[in-house]
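Numbers here simply count residues along the sequence, with the first being 1. Computed from heavy atoms alone, side chains included, the values below leave out hydrogens, waters and symmetry copies. Because the structure is predicted, anything quoted here is derived from the model rather than measured.
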Amino acid sequence: MEDANVVEVEAMDGTISVASAFAAHQDVVQDRDHKFLTRAVEEAYKGVECGHGGPFGAVVVRDDEVVVSCHNMVLNNSDPTAHAEVTAIREACKKLKKIELSDCDIYASCEPCPMCFGAIHLSRIKRLVYGAKAEAAIAIGFDDFIADALRGTGFYQKANMEIKRADGKGAIIAEQVFERTKAKFQIY
């Protein structure tokens with residue numbers, strides 16, 4: 001049997017957490033992550049070279065096999081939502097003919113923006129591995145970080161739009177659509 005790495009951590013409240021994993025398994029996971037993250041980075045370069053969009057790549061993997069490998073397509077598609085992760089999720093769902101990817105992992109060359117993280121979450125992907133931190137993208141001018149824009153706290157960008165929930169009949173009829181159609185949407 002292989003040697004196990006055991007780590008004990010004592011919390012401030014006196015409880016002890018014990019984590020154990022076999023070193024060989026950790027190495028396999030690290031090698032796998034490196035392989036697929038490298039592929040995502042290669043996609044980022046490919047997208048820039050093709051003029052398709054910013055330097056972002058994403059790879060969706062199932063059972064250690066690449067399902068799709070995509071890059072940012074914002075400029076090519078004239079679509080501000082065509083980020084690498086969203087594009088990869090769209091393509092993976094089409095290829096696998098399903099809307100939830102709970103048996104898949106996603107590798108992203110950069111920390112996902114809130115929109116991409118939302119797409120990853122909604123697709124039920126089981127694991128996200130990313131390379132660069134968001135600050136690397138911000139440093140070269142990518143400032144569309146939605147959470148900061150909505151709050152007006154972004155260093156590079158402030159939202160220049162009014163955000164208002166409808167009142168009166170508009171709000172009522174919009175909420176009714178959920179009640180009237182709920183029986184048709186037992187998705188997960």
**Item:** Val61, Ile106, Val59, Val60 screened by side-chain contact (heavy atoms from CB on, under 4.5 Å) with Val67, the one that passes
**Value:**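 It is Val60; the other options fail the test.
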Test of understanding: with salt bridge (charged side-chain N to carboxylate O under 4.0 Å, His left out), list the residues that count as partners of [X], not counting sequence neighbours.
X: Arg39; answer: none
X: Lys169; answer: none
X: Lys182; answer: Glu179
X: Glu175; answer: Arg165

Under the side chain to side chain contact (heavy atoms under 4.5 Å, CB included) test, residues paired with [X] that sit two or more places apart:
X: Ala44; result: Ser109
X: Thr181; result: Val177, Phe185
X: Ala132; result: Cys110, Ala136

What is the minimum heavy-atom distance between [X] and [Y], and which atoms define it?
X: Val86; Y: Cys116; value: CG2-SG, 3.9 Å
X: Cys70; Y: Glu91; value: SG-CG, 4.1 Å
X: Ala82; Y: Arg90; value: CA-NH1, 4.3 Å
X: Ala108; Y: Leu37; value: O-CD1, 3.2 Å

**Item:** Pairing residues for Ser78 by the side-chain hydrogen bond (donor to acceptor under 3.5 Å, both in side chains) criterion, not counting sequence neighbours
**Value:**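 Partners of Ser78 by the side-chain hydrogen bond (donor to acceptor under 3.5 Å, both in side chains) criterion come out as none, since no residue qualifies.
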**Asked** Looking at residues at least two apart in the chain, or sitting in another chain, which of them share a side-chain hydrogen bond (donor to acceptor under 3.5 Å, both in side chains) with Asp79?
**Response**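 Thr81.
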**Sequence neighbours excluded, every pair satisfying salt bridge (Lys or Arg N to Asp or Glu O under 4.0 Å) that has a member inside residues 52-72** =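 Of all non-adjacent pairs touching residues 52-72, those that pass salt bridge (Lys or Arg N to Asp or Glu O under 4.0 Å) are Arg32-Asp64, Arg62-Asp103.
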**Item:** Ionic contact status for Lys46 with Glu49, cut-off 4.0 Å
**Value:**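 Judged by the 4.0 Å cut-off on N to carboxylate O distance, Glu49 and Lys46 do not form a salt bridge.
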If you define the side chain from C-beta out and look only at heavy atoms, does anything of [X] sit under 4.5 Å from [Y]?
X: Asp33; Y: Arg127; result: yes
X: Ile120; Y: Leu101; result: no
X: Ser123; Y: Glu100; result: no
X: Thr38; Y: Glu42; result: yes
X: Leu128; Y: Pro112; result: yes

**Request:** Mind checking the CD1-CD spacing from Ile89 to Glu85? Nearest 0.5 Å is all I need.
**Result:**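 Interatomic distance, Ile89 CD1 to Glu85 CD, rounded to 0.5 Å: 7.5 Å.
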**Request:** Any chance you could measure Ser102, atom OG, to Lys126, atom NZ, to the nearest 0.5 Å?
**Result:**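 The distance works out to 8.5 Å.
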**Request:** Not counting sequence neighbours, list each pair that qualifies as a ring pair (Phe, Tyr, Trp, His ring centres under 6.0 Å) and has a residue in residues 45-77.
**Result:**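 Passing the test, one end in residues 45-77: His52-His71, Phe56-Phe142.
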**Request:** Scan residues 96-134 for pairs that pass ring pair (Phe, Tyr, Trp, His ring centres under 6.0 Å), counting only residues two or more places apart or in two chains.
**Result:**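 Output for this query lists Phe36-Tyr107.
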**Asked** Quick one: do Val48 and Val74 end up in the same hydrophobic cluster if we chain Ile, Leu, Val, Met, Phe, Trp and Tyr together by side-chain heavy atoms under 4.5 Å apart?
**Response**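 They do not share one cluster, since no chain of ILVMFWY contacts under 4.5 Å joins Val48 to Val74.
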**Item:** Within 6.0 Å of NZ in Lys98, more than 12 heavy atoms from elsewhere
**Value:**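 Buried by this count: over 12 neighbours within 6.0 Å.
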**Prompt:** Got a donor-acceptor contact below 3.5 angstrom from the Glu111 side chain to the Lys133 backbone?
**Reply:**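 Judged by distance alone, no pair lies under 3.5 Å.
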